[in-house]
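Letters A, B, ... are given to chains in the order of the sequence lines, protein chains preceding strands, and every chain is numbered from 1.
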Protein chains: 2
Amino acid sequence: MNGSTQYRTKQREELLAYLRSRQGHHVTVNEISEFFQGNGTPIGVTTIYRHLERMVEDGSVNKYILDKNSGACFEYVDKQHSCVQPVCFHCKCEVCGKLIHLKCDELEHIQGHLMKQHGFALDPARTVFYGMCEACRRNAVARDVQ
Amino acid sequence: MNGSTQYRTKQREELLAYLRSRQGHHVTVNEISEFFQGNGTPIGVTTIYRHLERMVEDGSVNKYILDKNSGACFEYVDKQHSCVQPVCFHCKCEVCGKLIHLKCDELEHIQGHLMKQHGFALDPARTVFYGMCEACRRNAVARDVQ
DNA sequence: TTGCGTGCAAAGGTTTTGCATGGCA
DNA sequence: TGCCATGCAAAACCTTTGCACGCAA
């Protein structure tokens, strides 16, 4: 796919190790940059962006665009263990930032629906449902009541 | 809610008229700005941003953040003609970049499902289904065959 | 007259690009 | 040795903010 070879560099190894260590969480470019500022070799943001871009392309990292005025979030995806084979969907709470992983027939069903009715091949590994989780919704309701 | 009064200005009227005329479509701030560049009185982008922000707050306009490197999309919502806010879902083709917006019962149904079964309040304005559109899928298949 | 609305200019932030240098294979 | 990778600086973008002036009520 990617015509050119990928070199094995120190920056790439360390970045990958860091992303793996934060699996299940989201990190921003800023956070990554700051981490390496304090731990070992600093990595230039340009390099971070370029690696992340590749990883998003090959599916080893998911990119979430939560807000226009804050950096995009990235999350490492373990293709071995996780939700790529049995379809798994992600719900991200926009209030508390919690990420919920769901496996659910109903959700899988919409994949078929999108394909059959709309000719669209959904990619669940990259699709995120944004909204508000139960806990945050309760808080919101409680606030509205007063 | 909004303590201060809202004046009825020419810019606001014209902006509103334009948004209404493009109901069911997405427009970016850039598109709006360019439209008024050529039709009647130009409106400064600052003003456009400020009005849109208000309209998003009061629910008369939906804001979609689809991509980091292009402007946010806005869509006028007619609150008069339906008690339920019209829900629009988005499919973005990762290959050609095409954006498809769908209004579909089946998709609205999953909103209810997520709420009932998973306690999650889906925000369709922020949620984008990523995948591959019909045309690109055909091309991909054609390429794989050779 | 009061105070919101407008829009220019400038700032703010994230992300990309140009380019010379460094490092993997 | 031939590319790819790196990272600084600068550019490109979208969006917000400061401020003086304009205009609705």
Side-chain angles (χ1 to χ4, degrees), chain A residues 1-19 26-58 60-75, chain B residues 1-19 26-58 60-75 97 99 125-126:
Chain A
M1 201 105 235
N2 191 349
S4 52
T5 331
Q6 179 114 303
Y7 285 176
R8 184 192 176 105
T9 66
K10 189 183 175 188
Q11 285 89 340
R12 185 178 148 75
E13 296 295 302
E14 292 198 358
L15 177 56
L16 217 44
Y18 175 69
L19 291 174
H26 295 122
V27 290
T28 63
V29 169
N30 208 29
E31 281 164 12
I32 298 171
S33 174
E34 279 176 2
F35 173 81
F36 284 107
Q37 214 67 237
N39 297 53
T41 329
I43 306 181
V45 283
T46 308
T47 302
I48 297 172
Y49 274 110
R50 287 198 267 235
H51 277 303
L52 287 173
E53 187 186 8
R54 279 194 170 194
M55 292 171 183
V56 169
E57 264 171 25
D58 75 24
S60 57
V61 162
N62 282 163
K63 179 180 184 178
Y64 308 117
I65 301 164
L66 307 174
D67 197 342
K68 200 78 199 182
N69 299 328
S70 53
C73 292
F74 298 87
E75 180 194 27
Chain B
M1 199 106 237
N2 191 351
S4 53
T5 332
Q6 178 111 305
Y7 285 179
R8 185 190 173 105
T9 67
K10 189 183 175 188
Q11 286 89 340
R12 185 177 147 75
E13 296 296 301
E14 292 199 357
L15 177 56
L16 217 44
Y18 175 69
L19 291 173
H26 296 122
V27 290
T28 63
V29 169
N30 208 29
E31 281 165 11
I32 297 171
S33 173
E34 281 177 1
F35 173 80
F36 285 107
Q37 215 65 238
N39 296 53
T41 330
I43 306 182
V45 284
T46 308
T47 302
I48 298 172
Y49 275 111
R50 286 198 267 235
H51 277 302
L52 287 172
E53 188 185 6
R54 280 194 168 194
M55 294 171 182
V56 169
E57 266 171 23
D58 75 24
S60 57
V61 162
N62 283 161
K63 180 180 184 178
Y64 304 107
I65 302 164
L66 305 172
D67 199 342
K68 199 78 197 182
N69 299 328
S70 50
C73 292
F74 298 87
E75 182 192 26
L99 181 69
R126 286 290 173 86

Checklist entry - Atom CG of A:Leu15 to atom P of D:dA5: distance rounded to whole Å? => result 13 Å
Checklist outcome for this item: DNA chain D nearest-nucleotide lookup for B:Lys10 and B:Ser70: closer to the 5′ end is B:Ser70
Item to check | Minimal non-hydrogen separation, A:Lys63 against A:Val56, with atom names | outcome: CB-CG2, 3.9 Å
Checklist entry - Is any side-chain N or O of B:His51 closer than 4.0 Å to OP1 or OP2 of C:dG5? => result no
Checklist entry - Does OP1 or OP2 of D:dG7 have a side-chain N or O of A:Thr47 closer than 4.0 Å? => result yes
Item to check | Value in whole Å for how far the P atom of C:dT15 lies from OH of A:Tyr49 | outcome: 3 Å
Item to check | Backbone N/O of A:Glu31 and side chain of A:Glu34: donor-acceptor pair under 3.5 Å | outcome: no
Checklist entry - A:Glu13 side chain to A:Lys10 main-chain N or O, any donor-acceptor pair under 3.5 Å? => result no
Item to check | Centroid separation B:Phe35 to B:Tyr18 less than 6.0 Å | outcome: yes
Checklist entry - Quick one: is D:dC23 close enough that its OP1 or OP2 comes under 4.0 Å of any side-chain N or O from B:Gln11? => result no
Item to check | Rounded distance (Å) that lies between atom C1' of C:dT6 and atom CD of B:Glu53 | outcome: 15 Å
Checklist entry - Within the pair A:Thr9 and D:dT6, is there a side-chain N or O less than 4.0 Å away from OP1 or OP2? => result yes
Checklist entry - Rounded to the Å, how far apart are A:Glu34 CD and C:dG13 P? => result 13 Å
Item to check | Rounded distance in Å - CD (A:Glu13) to P (D:dC4) | outcome: 19 Å
Next on the checklist: From OH of A:Tyr7 over to C1' of C:dG22, roughly how many Å is that when rounded to an integer?
Outcome noted: 12 Å
Next on the checklist: Just the rounded figure in Å: distance from P of D:dG7 to CG of A:Leu52.
Outcome noted: 13 Å
Next on the checklist: In whole Å, I'd like the distance from the CD1 atom of B:Ile32 to the P atom of C:dT6.
Outcome noted: 14 Å
Checklist entry - Mind checking whether A:Leu19 and A:Leu52 have side chains closer than 4.5 Å, heavy atoms only? => result yes
Checklist entry - Mapping A:Pro42 and B:Lys63 onto DNA chain D by nearest heavy atom, which one lands closer to the 5' end? => result A:Pro42
Item to check | Intermediate values then yes/no, ring pair (Phe, Tyr, Trp, His ring centres under 6.0 Å), B:His26 and B:Phe74 | outcome: CA-CA 5 Å; B:His26 296 122; B:Phe74 298 87; 9.9 Å; no
Checklist outcome for this item: Students should find that the end-to-end axis angle of the helix from C:dT1-D:dA25 to C:dA25-D:dT1, with five pairs defining each axis and rounding to 10 degrees, is 30°
Item to check | Donor-acceptor pair under 3.5 Å, B:Arg50 side chain vs C:dG7 base | outcome: yes
Checklist entry - So A:Asn30 and A:Thr28, side chain to side chain donor-acceptor pair (under 3.5 Å) or not? Walk me through it. => result CA-CA 5 Å; A:Asn30 208 29; A:Thr28 63; 5.4 Å; no
Item to check | Under-3.5 Å donor-acceptor pair between B:Thr46 side chain and C:dC8 base | outcome: yes
